[in-house]
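Chain letters run A, B, ... following the sequence lines, proteins first, then strands; residues in each count from 1.
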2 protein chains.
Amino acid sequence: MKKTIFLYGLALAVLILIMRVIEYRFLVRDLTLEFYIGIVAVFFTALGIWVGLRFTRKKVVVIHPEFQFNEKEQSQRGISKRELEVLELMAQGLANQEIADKLFVSLNTVKTHSSNLFSKLGVSRRTQAIQKAKELNLIP
Amino acid sequence: MKKTIFLYGLALAVLILIMRVIEYRFLVRDLTLEFYIGIVAVFFTALGIWVGLRFTRKKVVVIHPEFQFNEKEQSQRGISKRELEVLELMAQGLANQEIADKLFVSLNTVKTHSSNLFSKLGVSRRTQAIQKAKELNLIP
DNA sequence: CGCCAATTCACCCGAAAGAATGAGTGGGAT
DNA sequence: ATCCCACTCATTCTTTCGGGTGAATTGGCG
């Protein structure tokens, strides 16, 4: 990212330098101002197009839109990190006891988390929670 | 498409017009040439970015490979139609009782179906069954 | 017709899940 | 220092699941 910004800055600097040179030449040769301006306009239009392409090309390449977590829903519903962990394991088909073992907590804790999770998701069963969570992009 | 080209042409015409006006004003007020050129450069850079974005902002079509039922798995595992119905409703987060109501059968029947389903899928919990069924393309 | 598979249902029992409640602890913010 | 919140855990109780078993029925097929 920093490299990208640096490259853009460098490109701009080079362009400004070129502009100066062009300016000097044209002033010396005493060409019309309109022509000079036209050159500059074309130049910077090209630069703009280039920049525009750079910024958007990547989006086209991404064919398979991968899962992207919906932070808004998480914060709006007040779902904590731990609850999310439980949710993910739940979606993997693990039983509460297995989740407890995996998270190194007690079964009761997992039950508490899942219970809170259900109320936050507005559901009453784990299968529904999984469905809902996928709809809300909380899990892949 | 023609509308787009027309719009671009129009935009360019307007920009040239604005350029002329700016040019006039700056010449009259006798400001520095560098400043004037800077304005033009920024202007056309913006134009270029805009054009670049317009031309490349292809809608990222979500290639969501549509579900296509895996008949082979169904027959190989000997899963009946009724069992599949139960599976689908199960994947929708319905409880056995709700499935029973929806299919107009008794709770015990649903239990039998789901039980047979689990053994055919090689799982022991409904959440796992849903996972597995999705992997096997038995449900979307 | 007799066989088979699918479907339906029942009963029992243990395990798991879920609801409700209370409570202790530790880290962060005020 | 105090308060809040996430996290933790426990207990009790009810509901739901899931396994196991047995059995009646129905429709298709040889």
Interatomic distance where CG belongs to B/L117 and P belongs to D/dC17 [whole Å]:
14 Å
If I take atom CD1 in residue A/I99 and atom P in nucleotide D/dC7, what distance separates them, rounded to the nearest angstrom?
15 Å
Check whether any side-chain heavy atom of A/V105 sits under 4.5 Å from a side-chain heavy atom of A/I99, and report yes or no.
no
Rounded to the Å, how far apart are A/N108 CG and D/dA6 P?
20 Å
How long is the span from the CG atom in A/L121 to the CD atom in A/Q128, to the nearest 0.5 Å?
10.5 Å
Roughly, in whole Å, what's the span from CD in A/Q97 to C1' in D/dC9?
13 Å
Taking atom types as modelled and ignoring hydrogens, do the side chains of A/S106 and A/T109 form a donor-acceptor contact shorter than 3.5 angstrom?
yes
Indicate whether OP1 or OP2 belonging to C/dA19 is found under 4.0 Å from a side-chain N or O atom of A/S115.
yes
Short heteroatom pairs, N/O only, protein and nucleotides 5-8 of chain C, under 3.5 Å:
{"from": "C/dT7", "atom 1": "OP1", "to": "B/R82", "atom 2": "N", "distance (Å)": "3.3"}
{"from": "C/dT7", "atom 1": "OP2", "to": "B/S80", "atom 2": "OG", "distance (Å)": "2.2"}
{"from": "C/dT8", "atom 1": "OP1", "to": "B/R82", "atom 2": "NE", "distance (Å)": "2.9"}
{"from": "C/dT8", "atom 1": "OP1", "to": "B/R82", "atom 2": "NH2", "distance (Å)": "2.8"}
{"from": "C/dT8", "atom 1": "OP2", "to": "B/R82", "atom 2": "NE", "distance (Å)": "2.9"}
{"from": "C/dT8", "atom 1": "OP2", "to": "B/H113", "atom 2": "NE2", "distance (Å)": "2.9"}

Would you mind reporting whether A/E98 and A/L89 have side-chain heavy atoms less than 4.5 Å apart?
no
Starting at CG of B/L94 and ending at C1' of D/dT16, how long is that distance when rounded to a whole Å?
14 Å
Listed nucleotide nearest any side-chain atom of B/F118, set C/dC9, D/dC17, D/dG19:
D/dG19
In terms of side-chain heavy atoms, does A/D101 have a donor or acceptor partner in A/Q97 at a distance below 3.5 Å?
yes
Could you tell me how far apart A/L87 (CG) and C/dG18 (P) are, to the nearest whole angstrom?
12 Å
What nucleic acid atoms does A/N96 come within less than 4.0 Å of, heavy atoms only: base, sugar-phosphate, or nothing?
sugar-phosphate
Closest to the side chain of A/R126, out of C/dA17, D/dG18, C/dC11, is C/dA17
For B/K111 and C/dA16, give me the distance from atom NZ to atom P, rounded to whole Å.
15 Å
Salt bridge present between B/K132 and B/E73 (N-O < 4.0 angstrom)
no
Among A/R82, A/Q76, A/K81, A/R77, which one satisfies side chain to side chain contact (heavy atoms under 4.5 Å, CB included) with A/I79?
A/R77
Over how many whole Å does the gap from B/L107 atom CG to C/dA10 atom C1' extend?
11 Å
